[in-house]
Amino acid sequence: MQFRKSRYSVGNPEQCVEVAFASDVVWVRDSKGPALKLLEFRPDAWAAFLGSSRSSV
């Protein structure tokens with residue numbers, strides 16, 4: 001599984017959230033603790049989260 005950092009994490013790239021995509025799940029982890037537990041989202045839930053966070057900015 002390959003994780004990507006947000007393109008907005010320019011200030012301190014070691015303190016951000018990383019995301020990996022699979023066909024049926026979206027994995028999220030803290031870049032400071034990659035060995036810690038991963039958060040798991042359904043793709044539709046992740047899309048809803050991104051949509052709500054974009055509209056509140």
**Complete:** Here the gap from Arg29 atom CZ to Lys5 atom NZ, rounded to the nearest 0.5 Å, amounts to 8.5 Å
**Prompt:** If you look at every heavy atom in Ser23 and Pro43, which pair is closest and at what distance?
**Reply:** O-CG, 4.1 Å
**Prompt:** Excluding sequence neighbours, so at least two apart, what forms salt bridge (Lys or Arg N to Asp or Glu O under 4.0 Å) with Asp24?
**Reply:** none
**Message:** Could you check whether any side-chain N or O of Ser31 sits under 3.5 Å from a backbone N or O of Cys16, counting only pairs where one atom can act as donor and the other as acceptor?
**Reply:** yes
**Asked** Would you call the rings of Phe41 and Phe49 parallel, tilted or perpendicular if under 30° counts as parallel and over 60° as perpendicular?
**Response** parallel
**Message:** Restricting to non-hydrogen atoms, name the atom on Ala20 and the atom on Gln2 that form the minimum distance, rounded to 0.1 Å.
**Reply:** CB-O, 3.4 Å
**Request:** Considering only Ile, Leu, Val, Met, Phe, Trp and Tyr, and joining two whenever side-chain heavy atoms are under 4.5 Å apart, list the other residues clustered with Trp27.
**Result:** Met1, Phe3, Val25, Leu38
